[in-house]
Amino acid sequence: MHPKDTATRYDRIASWWQTQHQSSSYGIAQLERAIKFTPKKQLAIDIGCGSSGRFIQVLKEHGFQVEGLDMSEEMIDLAKQLHPGITFYRADICRWNPPKRYSLIVAWDSTFHLPLEMQKPGRC
Ligand SMILES: C[S@@+](CC[C@H](N)C(=O)[O-])C[C@H]1O[C@@H](n2cnc3c(N)ncnc32)[C@H](O)[C@@H]1O
């Protein structure tokens, strides 16, 4: 599915996603493990952050300055409400050029949505 179509579908379920997943622990143990391997707790970004920003919350608690990125406008708008003051990018990860250097980049449960040809090195 093209990323634009994926985003349209997530727009429709953004509110449901937020209430259903905000307190989910799915992937959090893996995030905590990744954080342990990150010596500089500076700037982090959550790619495909969704409407709950649950990874953003954990990263903030560990002292990171955090940003979020998602292709779905509705997901981003809801995440902003829960995390005021955080920079969010509405973008397709396949076309996005990072404007900064990050100590940690998280992309939990998001990049599997990309068409296979976009997952090949050099396409993203
Ligand atoms: C299954 S949800 C996971 C949300 C969050 N990472 C979590 O675990 O709660 C997938 C998210 O990836 C986003 N996404 C899918 N394809 C994307 C793309 N090409 N660029 C940016 N975000 C994308 C969707 O809009 C959606 O918010």
Side-chain angles (χ1 to χ4, degrees):
M1 188 183 297
H2 191 279
K4 270 188 186 165
D5 299 320
T6 304
T8 302
R9 282 164 172 77
Y10 273 105
D11 281 344
R12 291 189 200 130
I13 63 164
S15 182
W16 172 86
W17 185 274
Q18 188 185 63
T19 52
Q20 293 299 308
H21 296 87
Q22 196 171 343
S23 56
S24 167
S25 61
Y26 179 50
I28 299 300
Q30 288 83 350
L31 173 61
E32 297 275 4
R33 188 167 158 75
I35 289 170
K36 282 188 188 151
F37 285 98
T38 309
K40 290 183 183 170
K41 307 224 173 358
Q42 295 172 342
L43 183 60
I45 186 162
D46 183 6
I47 304 294
C49 58
S51 49
S52 75
R54 61 198 183 93
F55 281 78
I56 289 172
Q57 183 59 40
V58 173
L59 288 162
K60 282 197 293 192
E61 288 164 8
H62 279 271
F64 287 89
Q65 183 192 337
V66 195
E67 299 183 339
L69 178 146
D70 204 286
M71 177 122 186
S72 158
E73 190 168 15
E74 294 296 324
M75 295 293 249
I76 290 271
D77 283 350
L78 289 172
K80 277 182 186 166
Q81 290 172 21
L82 288 178
H83 304 281
I86 295 283
T87 296
F88 286 94
Y89 303 96
R90 186 192 170 216
D92 175 359
I93 190 56
C94 293
R95 298 174 176 276
W96 187 70
N97 288 316
K100 301 169 186 169
R101 291 179 67 85
Y102 296 92
S103 324
L104 180 60
I105 298 174
V106 178
W108 184 264
D109 228 10
S110 58
T111 53
F112 70 89
H113 280 300
L114 306 183
L116 279 180
E117 66 274 16
M118 291 184 180
Q119 298 187 28
K120 289 181 185 167
R123 292 302 301 266
C124 277

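Ligands are counted one by one from 1 in listed order, and the atoms in each one are counted from 1 as well. Residue numbers start at 1 and run along the sequence shown. Bear in mind that the values here come from a model prediction, so they are computed numbers and not experimental data.
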- Item | Shared hydrophobic cluster, Phe88 / Leu78 (ILVMFWY, side-chain heavy atoms < 4.5 Å) | no

**OP:** Give a yes or no on whether the backbone of Arg54 and the side-chain of His83 come within a donor-acceptor separation of less than 3.5 Å.
**Re:** no

ask   = Would one find more than 12 heavy atoms of other residues, nucleotides or ligands at under 6.0 Å from atom NZ of Lys40?
value = no

Which of Lys100, Lys60, Arg101 passes salt bridge (Lys or Arg N to Asp or Glu O under 4.0 Å) with Glu67? Answer is Lys100

Phe64 reachable from Leu69 in the ILVMFWY side-chain graph, under 4.5 Å edges: no

*asked:* Please check: side-chain N/O of Ser110 versus main-chain N/O of Ile47, any donor-acceptor pairing under 3.5 Å?
replied: yes

Does ligand 1 have any N/O pairs with the protein under 3.5 Å, and how far apart?
residue	atom	partner	partner atom	Å
ligand 1	6 (N)	Gly48	O	2.8
ligand 1	6 (N)	Trp108	O	2.9
ligand 1	8 (O)	Arg54	NH2	2.9
ligand 1	9 (O)	Arg54	NE	2.8
ligand 1	19 (N)	Asp92	OD1	2.9
ligand 1	20 (N)	Ile93	N	3.0
ligand 1	22 (N)	Met71	N	3.2
ligand 1	25 (O)	Asp70	OD1	2.6
ligand 1	27 (O)	Asp70	OD1	3.3
ligand 1	27 (O)	Asp70	OD2	2.6

